[in-house]
Amino acid sequence: MAWSVFVIVTIISLTIFIEDQERNNIQRKAKLNSLQALTVIRADMERELNKSLFQLGALVAYISVNPDIASEDFNIFTQSLFRQKSHITSLGAAPDLVIKYVYPYEENKSVLGHDYRQIEGQRELAFQARDTGQEVMAGPLVSLQGKYVLIARAPVFLAEDMGSQAEGSFWGLVSVLIDAKGLFEQVGVQNEDYIISMRGKDAKGQSGELFYGNPDSFAAENTVLSVAVPGGTWQLSAQPRKALNILSREIITIRMVGLFFSLAVLTFATFRLRHFREREVADKKLSRALLEAEGANRAKSEFLANMSHELRTPLNAIIGFSDLITSVSEKTPQKDKVCEYAGDINQSGQHLLKIINEILDLSKVESGNFTTTIETVYIQDIAENVLRMLRGAIDKSGLKAINNIADDLPPVESDERMIKQVFLNLFSNAIKFTPKGGTITLYADVQKDGKMKIILTDTGVGMTENELVIALQAFGQTDSYLVRRQQGTGLGLPLVKAFVELLDGEFHIQSETGVGTEITLIFPLA
């Protein structure tokens, strides 16, 4: 009896221990799932905010070189910004902190003449932007126009004073109003599985007010992440909509076996503990992988934010100055030379814009937000169009381009814009990395299985297996002497591969140092 009691007590103790471990395992998995959901929402939110802040930076750069801008010129410039897809509802400028320009005019003209120094609730952040020289984020709040918005503001310092002062003299503030409701809906805060809450109004982080969701969502047992915004942070939290089912079928089974089958429970507990140890190791690996993914995602978000900040200022300054130069009076001496310089400046600006677009396109593909438009596409037409666009670069590099695509090739059902971008990226790479006198050959045909096969070969410098691995990674660039002489972000091949796979196609690449590179694309006809 004493031995039986000992065995029963031991089995009960083991059963309780296993049950506690199972409870912890269920809770840990639930927290990992909520972390995944919040990570996706945060990445989407930071990306959408960066789109709107790009427009703000463009307006800062334009006014810094045009401080005496007329209302008509302001409307023309901001109208072009409005054509770019974002959540912006209006743009404004306030020289000496007094609102003088707004766009669209009719629905926002009521705010003209307001002085930020007299607006309660906005004065503090306006002064902060002026004194720190940094962008700030206000809200969410109800604007003077009666809309629920986020307001991003940035100071403008005159470019003409840069020589005498480190930052230039203070001109005033520019601001963008962002549709808060539309932004939150697009990034998925209305989640089916979790109650998503946000706090940190006016970018005050943990100490800021709650502005979305349930305040109880920030309890210690729920997942909380920070979102970087101008002037500070927000905080996101996820609270499960359904109560966690701690009393699972597995725990009930453990109790039944523990109570009524002592010897069987003892055997089962032994195997169960062994299984739990293995699963605990797997869970630790999963947790570590998620933390590494979280770190990589934050690094990417920081890279995008830094890249956007570093590139948009020279980009818009280049475009702004080129507009000024190209508008020189016909009476000005050396007008042709000035226009030539303006064209070079504008071309550089377009190149920087292309880099930003590539980064944002890759970000969209990785987050699953890139949409396709399926239509009838003729590969031969796209190839001919791309070769015509790049003919100048091909001739300048001393290369020979051969197009062996037949005119009667059947069409494919795909996205024409993405196919064209794929061809542009592949041809651009071939031109950049093929020495003078080399050859680029394009071929396409329909295979027996009914799929379109496209092959692009060049006689360029080629790559080793290790260099191929680097080249297919986002922002990866090899150490070839031709690569070091070329500009780029290292996104060409990763973007091509992502686009092809998004269109249900196949991407293959072979390369040999000193021989060249062969890239094969396979697309379904329908």
Side-chain angles (χ1 to χ4, degrees), residues 6-44 188 191-196 217-227 235-303 366-368 465-466 469-470 472-476 494 501:
F6 173 77
V7 171
I8 291 173
V9 170
T10 303
I11 292 173
I12 292 174
S13 301
L14 288 174
T15 303
I16 293 174
F17 171 76
I18 296 170
E19 182 178 335
D20 288 341
Q21 295 301 316
E22 188 65 29
R23 289 174 187 270
N24 294 335
N25 185 49
I26 292 171
Q27 292 172 343
R28 184 167 54 254
K29 284 184 176 180
K31 197 150 189 176
L32 288 175
N33 291 336
S34 64
L35 176 62
Q36 284 182 309
L38 275 186
T39 300
V40 172
I41 292 173
R42 181 178 67 180
D44 290 345
N191 194 281
E192 296 179 357
D193 302 319
Y194 299 96
I195 299 173
I196 305 299
S217 180
F218 288 91
E221 65 271 12
N222 294 326
T223 304
V224 178
L225 290 180
S226 294
V227 180
Q235 282 198 328
L236 286 172
S237 71
Q239 179 182 8
R241 291 187 181 275
K242 297 179 181 179
L244 194 62
N245 183 18
I246 298 298
L247 193 62
S248 65
R249 181 183 301 176
E250 195 170 15
I251 292 178
I252 295 176
T253 301
I254 292 173
R255 289 181 178 179
M256 294 290 292
V257 174
L259 290 172
F260 300 104
F261 303 98
S262 300
L263 185 59
V265 169
L266 184 61
T267 304
F268 173 79
T270 302
F271 285 102
R272 178 65 181 171
L273 283 172
R274 182 182 302 171
H275 170 70
F276 173 76
R277 290 191 187 99
E278 294 174 352
R279 189 168 59 188
E280 188 177 42
V281 172
D283 285 345
K284 287 181 178 178
K285 290 181 179 179
L286 176 61
S287 300
R288 192 181 303 114
L290 285 173
L291 290 174
E292 292 173 354
E294 161 73 10
N297 184 70
R298 172 160 289 278
K300 182 182 76 172
S301 297
E302 291 176 355
F303 173 84
E366 290 181 348
S367 64
E465 291 185 5
N466 291 335
V469 173
I470 296 173
L472 289 173
Q473 295 175 353
F475 313 111
E501 292 175 351

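A distance of 8.5 Å separates CG of Leu38 from OH of Tyr194, quoted to the nearest 0.5 Å. Once rounded to the nearest 0.5 Å, the distance linking CD1 of Ile41 with CD1 of Ile196 reads 4.0 Å. In this structure, NZ on Lys29 lies 11.0 Å from OG on Ser287, to the nearest 0.5 angstrom.
Pro240 and Asn222 make their closest contact through CD-OD1, 3.9 Å (heavy atoms, listed as atom of the first residue, atom of the second, distance). The minimum heavy-atom distance linking Phe218 with Val224 is given by the pair CD2-CG2, 4.1 Å.
Gln235 meets the side chain to side chain donor-acceptor pair (under 3.5 Å) test with Arg199; sequence neighbours excluded. Taking the side chain to side chain donor-acceptor pair (under 3.5 Å) definition, one finds that Glu501 meets it with Lys497, sequence neighbours left out. Under the side-chain contact (heavy atoms from CB on, under 4.5 Å) criterion, Leu35 pairs with Thr39, Thr223, Leu225, sequence neighbours left out. Residues satisfying the salt bridge (Lys or Arg N to Asp or Glu O under 4.0 Å) criterion with Asp193, sequence neighbours excluded, are absent altogether.
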